[in-house]
There are 2 protein chains.
Amino acid sequence: MKKNCAHKHTEKKQELASLTGRLRREARKITGPRAAILEILRHHPHPLTNKEIFAELPKGECDLVTIYRAMQMLEKLGMVKRFDFGDGTARFELVGEGDDGHHHHLICTRCASVVEIEECFPEEIERRIARVNEFTGVTHRLEFFGLCPGCQK
Amino acid sequence: MKKNCAHKHTEKKQELASLTGRLRREARKITGPRAAILEILRHHPHPLTNKEIFAELPKGECDLVTIYRAMQMLEKLGMVKRFDFGDGTARFELVGEGDDGHHHHLICTRCASVVEIEECFPEEIERRIARVNEFTGVTHRLEFFGLCPGCQK
DNA sequence: ATTTTAATTGCAAATCATTTGCAACTGATT
DNA sequence: AATCAGTTGCAAATGATTTGCAATTAAAAT
Ligand SMILES: [Mn+2]
Ligand SMILES: [Mn+2]
Ligand SMILES: [Zn+2]
Ligand SMILES: [Zn+2]
């Protein structure tokens with residue numbers, strides 16, 4: 001019943017076949033650009049911007065716009081989770097099947113390095129916040145910021 | 001010594017004179033547009049977008065760009081706090097003198113109504129996150145989302 | 001009160017991330 | 001191989017925010 005941070009960072013990478021299977025089930029086509037994008041996401045442990053994905057792609061593999069569209073689609077299917085580090089650029093991370101991808105990060109404000117965080121906002125406090133204000137379906141967006149070891153001059 | 005959520009939502013509105021005083025001390029000019037902007041912020045309990053501030057301003061009082069510049073300046077002086085509700089538009093809230101403005105909100109995902117939240121991410125957990133990852137100066141950005149009473153069909 | 005000077009403003013144009021229109025193209029199915 | 005909806009590339013549109021610059025003005029100095 002816990003809905004928060006069920007995300008397991010220890011889970012092994014998903015097979016590409018499992019990913020394309022999910023697409024197929026949703027009546028989506030497995031195209032070159034999509035396979036390439038999934039392949040890149042599969043190999044990255046942290047959220048990537050569309051531009052970063054684009055840069056990793058073999059030149060000319062596909063248009064930036066195609067990546068924007070692919071991420072929209074993958075997000076709608078629940079295959080990727082969108083993160084907002086507050087810099088005006090969306091980042092995406094692959095989400096395991098059955099996982100809602102909810103989790104948080106610790107980001108260095110100098111070098112932008114990212115650490116995946118296991119902790120989550122305490123459920124009972126969130127439930128109280130929801131109850132007190134009579135809100136339903138309450139969730140949260142949370143990211144940590146600080147100076148990483150290497151950037152502490 | 002607690003740095004989190006020292007913000008008091010129960011504090012009374014700041015006097016305009018106190019606000020302009022802070023500007024003057026920083027060698028900033030008190031102009032019509034700035035006084036008008038501060039006056040609007042003073043009367044709003046929740047974060048406002050630049051466009052919302054612009055809309056509240058008597059027509060022709062000042063240009064939208066002037067508001068963008070004013071908010072940048074006020075943020076640098078620590079007189080306003082910038083919030084990110086994840087919709088790609090910055091929001092600003094006036095911050096009391098000596099207060100860093102750190103706090104959170106509960107936002108209705110249907111009607112966008114906002115509730116000021118007193119709770120904060122537990123300090124001891126944040127400290128552990130910082131220690132374990134050897135980060136310093138760790139802080140967080142946190143907002144809650146859900147359906148407000150009126151929007152629960 | 002007038003001058004001086006640096007800060008401020010308006011307006012146009014530039015940036016940046018993201019979205020949209022549309023015709024050409026292609027993966028999956030028959 | 002024919003079919004057809006889903007995809008893609010490219011150009012253009014959007015929307016928030018920033019920047020360049022000349023004209024304006026608040027506040028300090030005469
Ligand atoms: Mn992550
Ligand atoms: Mn607030
Ligand atoms: Zn969480
Ligand atoms: Zn907090």
Side-chain angles (χ1 to χ4, degrees), chain A residues 16-17 19-40 47-77 79-92 112, chain B residues 16-17 19-40 47-77 79-92 112:
Chain A
L16 185 58
L19 293 169
T20 57
R22 290 211 254 163
L23 280 188
R24 232 183 298 277
R25 250 174 280 140
E26 298 280 349
R28 286 328 202 302
K29 294 180 182 175
I30 318 297
T31 63
R34 288 178 178 177
I37 290 170
L38 288 173
E39 196 55 29
I40 289 173
L48 289 177
T49 65
N50 284 333
K51 218 180 279 191
E52 287 169 341
I53 295 173
F54 185 61
E56 299 267 334
L57 241 31
K59 57 279 154 228
E61 168 66 55
C62 85
D63 196 271
L64 218 207
V65 177
T66 299
I67 299 180
Y68 273 94
R69 285 195 270 234
M71 301 317 286
Q72 282 186 154
M73 186 264 292
L74 292 173
E75 184 186 21
K76 184 151 37 189
L77 298 194
M79 291 179 59
V80 301
K81 175 89 176 163
R82 176 189 299 258
F83 289 97
D84 178 2
F85 287 2
D87 65 348
T89 312
R91 280 156 221 269
F92 302 89
Chain B
L16 185 58
L19 292 169
T20 56
R22 285 163 83 185
L23 279 189
R24 232 183 299 276
R25 251 174 280 140
E26 298 281 349
R28 287 328 206 300
K29 295 180 183 175
I30 318 295
T31 63
R34 288 177 179 177
I37 290 170
L38 288 173
E39 197 54 31
I40 289 172
L48 289 177
T49 65
N50 284 332
K51 217 179 280 191
E52 287 170 340
I53 294 174
F54 186 61
E56 299 267 337
L57 240 30
K59 58 276 152 234
E61 168 67 54
C62 85
D63 196 271
L64 219 206
V65 178
T66 299
I67 299 181
Y68 273 94
R69 286 194 271 233
M71 301 316 289
Q72 282 185 158
M73 186 265 289
L74 292 173
E75 184 186 21
K76 184 152 35 188
L77 299 194
M79 292 180 58
V80 300
K81 175 91 177 165
R82 176 189 299 259
F83 289 97
D84 178 3
F85 287 3
D87 65 347
T89 312
R91 278 156 222 268
F92 302 88

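Letters A, B, ... are given to chains in the order of the sequence lines, protein chains preceding strands, and every chain is numbered from 1. This one's a predicted model, so the numbers in the text were calculated from it and none came from an experiment.
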Exercise. So, the side chain of Arg82(B) versus the backbone of Ala90(B): is there a donor-acceptor pair under 3.5 Å, distance only?
Worked result: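 Looks like no, no N/O pair under 3.5 Å.
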At their closest point, which heavy atom of [X] faces which heavy atom of [Y], and how far apart are they?
| X | Y | result |
| --- | --- | --- |
| Pro47(A) | Arg91(A) | CB-CB, 3.4 Å |
| Gly86(B) | Asp84(A) | CA-OD2, 3.8 Å |
| Leu38(B) | Leu23(B) | CD1-CD1, 4.1 Å |

For this session: Give a yes/no on whether any side-chain N or O of Gln72(B) is located under 4.0 angstrom from OP1 or OP2 of dT17(D).
Result: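 Indeed not, no polar side-chain atom of Gln72(B) lies that close.
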Exercise. Do the side-chain N or O atoms of Tyr68(B) get closer than 4.0 angstrom to the phosphate oxygens (OP1, OP2) of dT18(D)?
Worked result: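 No, because none of the side-chain N or O atoms of Tyr68(B) sits under 4.0 Å from OP1 or OP2 of dT18(D).
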Problem set entry | Sugar-phosphate, base or nothing in reach of Arg69(A), heavy atoms under 4.0 Å |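 Counting heavy atoms under 4.0 Å across all strands, the contact made by Arg69(A) includes a base.
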Exercise. Which is true for Glu26(B) with a 4.0 Å heavy-atom rule: it touches a base, it touches only sugar-phosphate, or it touches nothing?
Worked result: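 Answer is nothing: Glu26(B) stays at 4.0 Å or more from every strand.
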Length of the line joining [X]:[atom1] and [N]:[atom2], which is rounded to integer Å:
| X | N | atom1 | atom2 | value |
| --- | --- | --- | --- | --- |
| Phe54(A) | dT8(D) | CZ | C1' | 13 Å |
| Ile30(B) | dA28(D) | CD1 | C1' | 14 Å |
| Ile53(B) | dA16(D) | CD1 | P | 14 Å |
| Lys51(B) | dT18(D) | NZ | P | 14 Å |
| Ile37(A) | dT7(D) | CD1 | P | 12 Å |
| Arg91(B) | dG15(D) | CZ | C1' | 14 Å |
| Met71(B) | dT18(D) | CE | C1' | 16 Å |
| Arg24(B) | dA28(D) | CZ | C1' | 13 Å |

Exercise. So, does the side chain of Lys29(A) form a donor-acceptor pair with the base of dA5(D) at under 3.5 Å?
Worked result: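 Yes, the side chain and the base share a sub-3.5 Å donor-acceptor pair.
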Exercise. Between Met73(A) and Glu26(A), does a side chain to side chain contact (heavy atoms under 4.5 Å, CB included) hold up when you go through it step by step?
Worked result: CA-CA 11 Å; Met73(A) 186 264 292; Glu26(A) 298 280 349; over 6 Å; no
Exercise. Toward the 5' end of DNA chain D, which comes first, Arg82(B) or Arg28(B), by nearest nucleotide?
Worked result: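 With Arg82(B) and Arg28(B) compared, the 5'-side residue is Arg82(B).
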Problem set entry | Of Ala90(B) and Arg34(A), the one whose closest DNA chain D nucleotide lies more 5' |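 Upstream on the strand: Arg34(A).
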Exercise. Quick one: ring-ring contact (aromatic ring centres under 6.0 Å, His included) partners of Phe85(A), sequence neighbours excluded?
Worked result: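 With neighbours one apart ignored, the set is His105(A).
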For this session: Check step by step if side chain to side chain contact (heavy atoms under 4.5 Å, CB included) holds for Thr89(A) and Asn50(A).
Result: CA-CA 9 Å; Thr89(A) 312; Asn50(A) 284 333; over 6 Å; no
Problem set entry | Interface limits on DNA chain C, where chain B has a heavy atom under 4.0 Å of a nucleotide atom |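 Boundary nucleotides touching chain B, in 5' to 3' order, are dA6(C) to dA12(C).
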Exercise. Could you give the distance from CG (Leu74(B)) to CD1 (Ile67(B)), rounded to the nearest 0.5 Å?
Worked result: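 Here the interatomic distance stands at 11.0 Å.
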Exercise. When rounded to the nearest 0.5 angstrom, what distance separates CE in Met71(B) from CG in Leu48(B)?
Worked result: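 Separation between the atoms: 8.0 Å.
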For this session: Using five pairs at either end of the helix from dA1(C)-dT30(D) to dT30(C)-dA1(D), determine the angle between the two local helix axes and round it to 10 degrees.
Result: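 If I round to tens, the end axes sit 30° apart.
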For this session: Go through the steps to decide whether Glu56(A) and Ile53(A) satisfy the test side chain to side chain contact (heavy atoms under 4.5 Å, CB included), and finish with yes or no.
Result: CA-CA 5 Å; Glu56(A) 299 267 334; Ile53(A) 295 173; 5.8 Å; no
